[in-house]
There are 2 protein chains.
Amino acid sequence: MKINVNKRDPVYVQVMRYFKEQIATGQLAPGEEIASRREIANQLKINPNTAQRAYKEMEELGLIFTEGNMPSRITMDETILTDVRKELVLEAVTEFIHSIQSIDVSLEEAVELVKENYNRKRAD
Amino acid sequence: MKINVNKRDPVYVQVMRYFKEQIATGQLAPGEEIASRREIANQLKINPNTAQRAYKEMEELGLIFTEGNMPSRITMDETILTDVRKELVLEAVTEFIHSIQSIDVSLEEAVELVKENYNRKRAD
DNA sequence: CATCGTGTATTAACTAGTTAGTACACAATG
DNA sequence: CATTGTGTACTAACTAGTTAATACACGATG
């Protein structure tokens with residue numbers, strides 16, 4: 001588990017994205033406990049405050065919830081959970097389309113490129 | 001011509017990207033004069049220093065060159081010019097593949113999404 | 001020769017993000 | 001009852017990016 005692949009987004013945003021991905025792929029189940037702020041900060045070699053910021057925002061988004069001093073847990077709200085994946089997919093596609101259209105890449109060329117690179121990238 | 005569509009990248013990076021797109025699509029020809037720092041800053045409502053930073057980096061990358069106090073111009077180096085488009089295309093594809101694979105989107109689904117959204121997005 | 005528009009450089013101040021260090025309330029564990 | 005691990009909160013300092021305000025050398029234009 002690495003975070004700093006992407007330098008352009010703030011660390012706390014990348015942490016949020018990591019959890020969104022885990023939720024979207026079912027690797028984190030509804031109601032499941034997640035690592036504490038201090039734990040995750042330790043694992044990712046980031047500051048506990050930065051971890052706290054990510055968790056706080058995820059709580060505001062309804063992705064996780066916290067009761068008392070218990071470890072925070074993944075929400076059990078079905079709507080939110082299914083929306084997470086939709087959001088990530090739509091974001092990726094929208095960004096990609098925007099990028100290739102701004103440099104005049106045709107639909108055919110784009111599809112070809114995706115096909116060519118989809119399996120290639122797994123080898124990295 | 002707008003710049004701040006994207007909040008995650010620094011403004012000077014977005015300015016560089018704008019010029020790369022113009023070069024990649026042939027809207028800026030080799031040797032062609034580009035807007036002065038003050039001009040572009042005015043057009044984009046950004047600070048002249050930020051424009052200068054973008055231009056300076058583009059100069060370091062060999063994208064543009066400056067002689068005396070003349071307006072900067074697009075490079076005439078064929079290799080650099082063709083590489084610009086390749087770089088932008090590869091970057092877009094790589095990022096997209098990475099995003100969709102991290103949320104378990106299959107190749108078929110991805111291709112379908114691109115096809116569905118390619119023309120839709122033009123309507124924005 | 002004065003003016004204007006180039007590129008270039010410098011200094012100061014502000015914001016967002018990050019790190020560091022510390023602190024406190026609370027519940028479970030020993 | 002002391003310790004440990006939760007969440008939460010606050011202050012201080014640092015960095016990168018941005019803006020603002022000047023300043024200067026140089027060449028063309030009037």
Side-chain angles (χ1 to χ4, degrees), chain A residues 1-20 22-23 28-29 31-76, chain B residues 1-20 22-23 28-29 31-76:
Chain A
M1 171 176 179
K2 277 181 188 174
I3 283 294
N4 247 347
V5 189
N6 183 356
K7 292 172 196 170
R8 59 178 196 282
D9 285 330
V11 176
Y12 77 95
V13 171
Q14 294 184 50
V15 173
M16 292 173 66
R17 182 181 179 84
Y18 169 76
F19 277 97
K20 286 181 184 175
Q22 297 278 303
I23 291 173
L28 279 178
E32 184 173 345
E33 283 189 359
I34 60 177
S36 78
R37 278 79 167 156
R38 290 169 178 89
E39 252 182 283
I40 201 85
N42 216 32
Q43 285 176 28
L44 302 181
K45 318 277 188 192
I46 61 174
N47 193 279
N49 298 321
T50 306
Q52 161 65 359
R53 169 137 193 206
Y55 278 35
K56 189 179 180 184
E57 293 222 8
M58 288 195 289
E59 187 135 20
E60 283 167 3
L61 292 176
L63 288 175
I64 63 175
F65 66 98
T66 313
E67 289 171 335
N69 314 331
M70 306 290 291
S72 299
R73 302 197 290 157
I74 302 296
T75 185
M76 290 174 298
Chain B
M1 171 175 179
K2 276 180 189 174
I3 283 292
N4 248 350
V5 189
N6 183 355
K7 292 172 194 170
R8 60 179 197 280
D9 285 330
V11 176
Y12 78 94
V13 171
Q14 294 184 50
V15 173
M16 291 173 67
R17 183 182 178 83
Y18 169 75
F19 277 98
K20 285 182 185 175
Q22 296 278 304
I23 291 173
L28 280 177
E32 185 174 346
E33 285 189 359
I34 60 178
S36 78
R37 278 80 166 157
R38 291 169 177 90
E39 251 182 283
I40 201 86
N42 217 31
Q43 284 176 29
L44 302 181
K45 318 278 188 191
I46 62 175
N47 194 279
N49 297 323
T50 307
Q52 161 65 1
R53 170 139 190 204
Y55 278 35
K56 190 180 180 184
E57 293 221 10
M58 287 195 290
E59 186 134 22
E60 282 167 4
L61 292 176
L63 287 175
I64 63 174
F65 65 97
T66 314
E67 288 172 337
N69 315 330
M70 305 291 290
S72 300
R73 301 196 292 157
I74 303 296
T75 184
M76 289 174 298

Exercise for the section: Measure the distance from CG on N42(A) to P on dA20(C) and round it to the nearest whole Å. Expected result: 12 Å

Practice task
Name all residues meeting the salt bridge (Lys or Arg N to Asp or Glu O under 4.0 Å) criterion together with R17(B); count only those two or more places apart in sequence or in a different chain, and write none if there are none.
Solution key: E21(B), E91(B)

Exercise for the section: May I ask you to verify if any side-chain N or O of S36(A) is less than 4.0 angstrom from the OP1 or OP2 atom of dT6(D)? Expected result: yes

Problem - Whole-Å gap separating C1' (dG7(C)) and CE (M58(B)) - result: 14 Å

Exercise for the section: Mark up nucleotides 10-23 of chain D, 5' to 3', with B wherever a protein heavy atom is under 4.0 angstrom from a base atom, S wherever such an atom reaches only the sugar-phosphate, and - elsewhere. Expected result: B------SSBBB-B

Fill in the blank from the handout: Atom CZ of F65(A) and atom C1' of dG7(D) are separated, to the nearest Å, by 14 Å

Problem - Side-chain heavy-atom pair L44(B), V11(B) within 4.5 angstrom cut-off - result: no

Exercise for the section: Would you mind reading off the distance between E67(B) atom CD and dG7(C) atom C1', rounded to a whole angstrom? Expected result: 13 Å

Practice task
Give E39(A) one of three labels, base, sugar-phosphate or nothing, depending on what nucleic acid heavy atoms sit under 4.0 Å from its own.
Solution key: sugar-phosphate

Exercise for the section: Could you state the atom-to-atom distance from CD1 of I40(A) to P of dT6(D) in whole Å? Expected result: 12 Å

Exercise for the section: Establish, from distance only, whether the side-chain atoms of E59(B) and T66(B) form a donor-acceptor pair under 3.5 Å. Expected result: yes

Handout entry: N/O donor-acceptor pair under 3.5 Å between Q14(A) side chain and D9(A) backbone
Key = yes

Exercise for the section: Rounded off to whole Å, could you give me the CZ-to-C1' distance for the R37(A) and dC24(C) pair? Expected result: 16 Å

Problem - Test salt bridge (Lys or Arg N to Asp or Glu O under 4.0 Å) applied to E39(B) - qualifying residues, sequence neighbours left out - result: none

Problem - pair F19(A)-L63(A): side-chain heavy atoms closer than 4.5 Å - result: no

Handout entry: Contacts of E57(B) that satisfy salt bridge (Lys or Arg N to Asp or Glu O under 4.0 Å) - sequence neighbours left out
Key = R53(B)

Problem - Whole-Å distance separating the CD atom of Q52(A) from the C1' atom of dA20(C) - result: 16 Å

Exercise for the section: Can you sort out the partners of P48(B) under side chain to side chain contact (heavy atoms under 4.5 Å, CB included), two or more places apart, ordered by chain and number? Expected result: A41(B)

Problem - Short side-chain to backbone donor-acceptor contact, R73(B) and G31(B), under 3.5 Å - result: yes

Check nucleotides 26-29 of chain D against the protein and report each pair of N or O atoms closer than 3.5 Å, with its distance, or say if there are none.
from	atom 1	to	atom 2	distance (Å)
dC26(D)	O4'	N69(B)	ND2	3.3
dC26(D)	O2	N69(B)	ND2	2.6

Handout entry: Nearest-angstrom distance from the residue atom CD of E33(B) to C1' of dG7(C)
Key = 13 Å

